[in-house]
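All values derive from a computational prediction rather than experimental measurement. All heavy atoms count here, side chains included; hydrogens, waters and symmetry mates do not.
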Amino acid sequence: MTESKSTPITAEMYEYVLAHNPPLNAAQRDIVELTRQQFPEAAGMQSAEEQGPLLAFLVRLTGARHVVEVGTFTGFSALSMAQALPADGTLIACDISEEWTAYGREAWEKAGVGDRVELRIAPALETLRAMPAEPHIDLAYLDADKGGYIAYWEELVPRLRPGGLIVADNVLYHGEVADPAATGSALAIRAFNDHVVADSRMEAVILTVADGVTLARKKA
């Protein structure tokens with residue numbers, strides 16, 4: 001078995017990482033804390049704190065102007081990406097909850113990026129299938145129901161421009177993906193990870209960030 005060189009992420013190490021990453025701005029911090037207060041049992045659905053700066057970095061790195069997010073929750077990740085977009089950039093945020101996304105709407109407006117975010121309250125597959133079929137998406141962030149990942153992927157890849165990026169969250173699913181007897185969402189993510197590896201249209205790597213993040217780039 002190949003030996004892992006990964007450093008164990010203790011509480012102290014995690015604090016060290018956060019201290020040496022770009023700090024959350026006031027708007028990001030507010031929505032993170034508000035989510036924890038308002039939805040303590042569901043707050044784990046929020047992207048990890050270190051993923052906000054990572055997503056913003058990827059938006060800037062790719063020069064993205066057209067971003068799609070599948071799974072918005074209370075809006076932290078959308079906020080992070082919208083703030084990194086140019087003034088005429090657009091982020092289409094897909095979710096099915098008016099309640100959760102209401103907090104995102106308020107956060108985006110307060111941060112001055114409300115005009116960059118188009119919230120679509122509908123099943124994400126419907127929203128994706130209604131988009132233009134030609135390649136036009138620069139970056140997509142996938143963080144919704146795990147059983148839908150493959151279907152979302154198949155709608156996104158043809159619409160992704162060459163060199164565009166898909167970022168998929170929770171691809172390690174709390175470590176359960178390594179279990180051949182995995183069930184439920186862990187089994188769905190196992191299937192998704194295998195699907196990504198087999199897709200010749202894309203090149204992808206898994207990062208051991210938070211609960212696992214896949215970065216997949218569309219080949220020219």
Side-chain angles (χ1 to χ4, degrees), residues 47-48 50-73 75-95 113 116-120 122-173 177 185 188-220:
S47 295
E50 66 271 26
Q51 287 175 285
L54 173 61
L55 290 169
F57 182 86
L58 292 173
V59 168
R60 290 190 289 266
L61 183 67
T62 59
R65 307 177 73 85
H66 190 177
V67 174
V68 175
E69 177 178 74
V70 182
T72 295
F73 192 39
F76 168 64
S77 51
L79 172 64
S80 301
M81 291 186 287
Q83 289 182 312
L85 283 170
D88 61 347
T90 301
L91 186 153
I92 296 177
C94 307
D95 207 283
V113 294
R116 300 179 195 176
V117 182
E118 296 180 13
L119 179 61
R120 309 279 177 87
L125 278 178
E126 292 181 9
T127 299
L128 296 177
R129 288 169 178 165
M131 291 180 180
E134 67 270 9
H136 65 285
I137 297 171
D138 299 311
L139 186 148
Y141 181 47
L142 183 51
D143 187 19
D145 58 300
K146 310 314 167 192
Y149 267 34
I150 292 177
Y152 300 140
W153 174 272
E154 286 302 317
E155 295 299 330
L156 288 166
V157 170
R159 293 172 169 83
L160 197 68
R161 66 161 172 82
L165 196 65
I166 294 178
V167 183
D169 197 17
N170 303 115
V171 296
L172 299 181
Y173 206 77
V177 292
S185 293
I189 291 296
R190 277 178 65 92
F192 172 74
N193 291 340
D194 290 342
H195 189 81
V196 171
V197 168
D199 193 333
S200 62
R201 300 168 295 179
M202 305 288 286
E203 54 182 349
V205 295
I206 291 180
L207 306 180
T208 54
V209 173
D211 192 28
V213 174
T214 287
L215 303 182
R217 177 183 175 273
K218 189 172 182 179
K219 297 177 183 178

**Asked** What pair of heavy atoms forms the shortest contact from Ala124 to Val70, and how long is it?
**Response** CB-CG1, 3.7 Å
**Request:** Return yes if some donor-acceptor pair links the side-chain N/O of Asp138 with the main-chain N/O of Thr62 below 3.5 Å, else return no.
**Result:** no
**Request:** Keeping the roles fixed (side chain from Tyr149, backbone from Leu142), state whether a donor-acceptor pair exists under 3.5 Å.
**Result:** yes
**Item:** Heavy-atom closest contact (Gly71 atom, Asp95 atom, distance)
**Value:** C-OD2, 3.8 Å
**Prompt:** Any side-chain heavy atom of Glu50 sitting closer than 4.5 Å to one from Val209?
**Reply:** yes
**Fill in**
d(Cys94 SG, Glu118 CD) to nearest 0.5 Å is 10.5 Å
**Prompt:** Which atom pair, heavy atoms only, marks the closest approach of Thr127 to Ala122?
**Reply:** OG1-CB, 3.9 Å
**Message:** I need the full list of salt bridge (charged side-chain N to carboxylate O under 4.0 Å, His left out) pairs touching residues 209-220, with sequence neighbours left out, sorted by first then second residue.
**Reply:** Glu203-Arg217
**Complete:** Across all chains, not counting sequence neighbours, the salt bridge (charged side-chain N to carboxylate O under 4.0 Å, His left out) partners of Arg116 are none
**Item:** Listed partners of Asp199 passing side chain to side chain donor-acceptor pair (under 3.5 Å), at least two apart
**Value:** Trp153, Arg201
**Asked** Ala216 and Ala204: which non-hydrogen atoms are nearest, and at how many Å?
**Response** CB-CB, 3.8 Å
**Partners meeting side chain to side chain donor-acceptor pair (under 3.5 Å) with Arg159 (sequence neighbours left out)** = Glu155
**Request:** Can you tell me which residue pairs pass the ring-ring contact (aromatic ring centres under 6.0 Å, His included) test with a partner in residues 199-220, sequence neighbours excluded?
**Result:** none
**Asked** If every non-hydrogen atom of Leu172 is compared with every non-hydrogen atom of Val177, which pair is closest and at what distance?
**Response** O-CG2, 3.3 Å
**Item:** Partner residues of Phe73 under the ring-ring contact (aromatic ring centres under 6.0 Å, His included) criterion, sequence neighbours left out
**Value:** Trp100
**Message:** Going by ring-ring contact (aromatic ring centres under 6.0 Å, His included), name the pairs with one or both residues in residues 196-216, residues two or more places apart or in two chains.
**Reply:** none
**Item:** Donor-acceptor contact present, side-chain Glu126 to main-chain Pro123, <3.5 Å
**Value:** no
**Complete:** By side-chain contact (heavy atoms from CB on, under 4.5 Å), Leu215 pairs with (sequence neighbours left out) Leu58, Leu165, Val167, Val205, Leu207, Val213
**Smallest separation among heavy atoms of Val117 and Ala93, with atom names** = CG1-CB, 4.2 Å
N/O donor to acceptor pairs below 3.5 angstrom from side-chain atoms of residues 82-92, sequence neighbours left out:
{"residue": "Gln83", "atom": "OE1", "partner": "Asn25", "partner atom": "ND2", "Å": "2.9"}
{"residue": "Asp88", "atom": "OD1", "partner": "Arg65", "partner atom": "NH2", "Å": "2.5"}
{"residue": "Asp88", "atom": "OD2", "partner": "Arg65", "partner atom": "NH2", "Å": "2.2"}

**Prompt:** Hey, what do you get for CD1 (Ile150) to CG (Asn193), rounding to the nearest 0.5 Å?
**Reply:** 9.0 Å
**Message:** With rounding to the nearest 0.5 angstrom, report the CZ to CE distance, Phe76 to Met81.
**Reply:** 10.0 Å
**Request:** Give a yes-or-no answer on whether the side chains of Tyr152 and Asp145 include a donor-acceptor pair shorter than 3.5 Å.
**Result:** yes
**Asked** Glu69: what forms a side chain to side chain donor-acceptor pair (under 3.5 Å) with it, not counting sequence neighbours?
**Response** Thr72, Ser77
**Message:** Going by the rule side-chain contact (heavy atoms from CB on, under 4.5 Å), which residues pair with Glu134 if we only count those two or more places apart in sequence or in a different chain?
**Reply:** Pro132
**Asked** Of all residues at least two apart in sequence or in a different chain, which pass the salt bridge (charged side-chain N to carboxylate O under 4.0 Å, His left out) check with Asp143?
**Response** Lys146
